[in-house]
Structure formats: C-alpha cells, structure tokens
Amino acid sequence: MFYSPRPHSLGPAIVLAACIFLVDTLSSLQFAVASLYVVVVLIGAYDLQRRGIILTGICCATLTALSYVLAHGCTVEGAAPLRSLVSFVSITITVVLVIRNRSANERLADVKRERTNLARFFSPKIVEQLVQIDVPLSVARRQKAAVLFADVVGFTTHASGKPPDEIIGLLRDLLGLLSEAVFLCEGSIDKFLGDGLMAVFGPPIPGRQDATNAALCALQIRERLGRWNEQHANDPDKAIRIAVGIHCGEVIQGDVGTDKRLEFTVVGDTVNIASRVESYCRVLDATVLVTGEFMKSLLAEGSFDVAEAFTSEGKHLLRGRKEPIQLYSLKAG
C-alpha cells in the first residue's frame, strides 16, 4: 500500500510555503524570512515518511534559491547571500533532525512490538534480558533444560455440548492459569498445545535453578488448580484435573519453520520423554510426575526441600521407550 499524506497537514504546509516564497521574493525586508521554511518541514513531517520529508526540504531549498534569483539576480552583494545561506543551513539541519527523530521513534516502536511479542512466551525478567543481548535466538545450540508439559485431563468431556464461546473462554482461563505459573517461576512457554502447553526452564537464557523453577512451577499449578476448583465448587462441569510431566536433559534450541513463519523452540529426546511422562500421569492417577534425571538435577541445585515434595513411583516403561524410567510423583499436600 502506498503512503498517502493527509490533506489536513499537507495543505497548510503548501499554503505556508507559498506565503513564505511570496514574502521572501516581494518584500524588501532584510531578514531571514526563508528560514521560516523550517516550519513547513516540521508540519510536513507530521504525516510524511523519510522520502517525503527529504523532498519537502529540497522543495523549500529550491524556493529559497528561486526567490533569491528573482529578487537579486545573480549578484552576491549585501546581506541577501548571507540570509539565503542561513536559510539553506536551517532547512538542512531541520530535515536531518526530523529524520533522525523519526528513525528513533521507529526503533522505539520496533522494541515495543518486540517486547509485546516476547511477553507472550517469556517471563518479564527474561524479556528484559532478551532485548539487551546481541546473540539472536535463531542461532541453534545445545543446552540443558527442564521441559514441562501440562495438559487438562478429559477436556473433550468438559467441552462436550458447550457453545463455542464458552469453550474458548474456558480454554483462555485455563491457559492463563498455566501461563501465570510458568512466568512466575521464570519459565518460558515454548508452545500452546490446544488445552495445554509446553514450557521450558533454561532456554533461551540458562540459570542456576532451572530444575528448581520447574518444580516450583508444578507446585504453583497444583495450588492454582486447587483454588480454581474451590471457586467453581458449585459448578461440577468446571472442576478440572491437570496432568504435568517434567524431565531434565539436553535439548537443541533454535528457530524452526519456514521463511514466512518461524518460531523459537526446543527439540530432542528430553522433550519426547517429558511428553510421555505427562501422558503417564493418567496411568498412575497422578497430577505431577517427574523423572529420576530431573530429581538428580534438583539435588544438584541444592533444592533438597523441594525434592522432598516428591515420592518414588518406581520404574515404568513409557510408550516408545526401550528402557524403564524412574518416576516420582508429587506428594499430596
């Protein structure tokens, strides 16, 4: 779409330029009337883009030169040449400053848009760090991370027979509940998965307490879920269960997708295991399940009190795995 300046600002600028030209050409007053062209540039800058601002400056400079020629010919005597020089300098400086100001405002707008987009998936603390680092998220790299999957158990049953707007409203509330828990514990939302989400603790900026933060997030989810069910005690249809699975290990992070649509994500066996663990919650009738590797990371971070909130469920063979995996569930609390 081509940019079209609005008449309410361009019109006055043209009229003012014509008036300045006439006064500068016909008046015998020896002062820098042409310097008033800077006002024309400023008015035009309200609606014009860079190219339009530059063209406005060139037009004003051309009118200044034409006025000089019509009034004084080609002579360079008296104060007229100095007056015109001051006008040229004033117009040039104004154009440069206006363009620099426009560029600064555009950069601020870009940063604001970037912050808004990042805030959908990252906690406020991580957003502040991301906008300050020079390494782009698109650079693929390996990193240790705690991966958490959370999903509403039996959401299809909850949604059955309900109108679309009620289903979407319920989803927004539930995903908002999960997202707040993730952000509160300095995690990042990798993606929303219908009636659940995948969160990571570590990428894109590793921390010293990533496993601990993931465990605290699980505790937050259980606490918020309890409050939700208490608030909807009179409406059995809104009583929900959430399954949470967490695993810790190495992931590969980077941008995936196409040129038209890219998204930052993490992939790898760690992600697959975390997803399987979340699904296994239904088998053990557990709200939260974590792996032995995750528990080792918790202890390595010195979070012994957090680790005590989990109890061993023994080894289990998860779907798609050749070897059984040690699982721990969150104790009732």
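Each residue takes its place number in the sequence, starting with 1.
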Novice: Taking Lys331 for its side chain and Glu308 for its backbone only, find out whether a donor-acceptor pair lies under 3.5 Å.
Specialist: yes
Novice: Does atom CZ of Arg172 have more than 12 heavy-atom neighbours, drawn from other residues, nucleotides or ligands, at distances under 6.0 Å?
Specialist: no
Novice: Any Lys/Arg nitrogen of Lys296 or Glu293 sitting under 4.0 Å from an Asp/Glu carboxylate oxygen of the other?
Specialist: yes
Novice: Is the shortest side-chain N to carboxylate O distance from Arg321 to Asp269 below 4.0 Å?
Specialist: yes
Novice: Between the side chain of Ser275 and the main-chain N/O of Val271, is any donor-acceptor distance below 3.5 Å?
Specialist: no
Novice: Taking Asp210 for the side chain and Gly207 for the main chain, is one N or O donor matched with an acceptor at less than 3.5 Å?
Specialist: yes
Novice: Going hydrophobic residue to hydrophobic residue with side-chain gaps under 4.5 angstrom, can you get from Phe149 over to Val266?
Specialist: yes
Novice: Quick test of your reading: applying side chain to side chain donor-acceptor pair (under 3.5 Å), list the pairs with at least one residue in residues 146-155, sequence neighbours left out, ordered by first then second residue.
Specialist: Asp151-Arg282
Novice: Does Gln220 use its side chain to pair, donor to acceptor, with the backbone of Cys185 at less than 3.5 Å?
Specialist: no
Novice: Is there a side chain to side chain contact (heavy atoms under 4.5 Å, CB included) between Val152 and Leu171 once you walk through the steps?
Specialist: CA-CA 9 Å; Val152 178; Leu171 268 179; 6.0 Å; no
Novice: I need the minimum non-hydrogen distance between Ala181 and Ile221, along with the two atoms involved.
Specialist: CB-CG1, 3.7 Å
Novice: Grab the two heavy atoms, one from Leu298 and one from Ala215, that are nearest each other, plus how far apart they are.
Specialist: CD2-CB, 4.1 Å
Novice: Just by distance, do the side chain of Glu250 and the backbone of Arg142 share a donor-acceptor pair under 3.5 Å?
Specialist: no
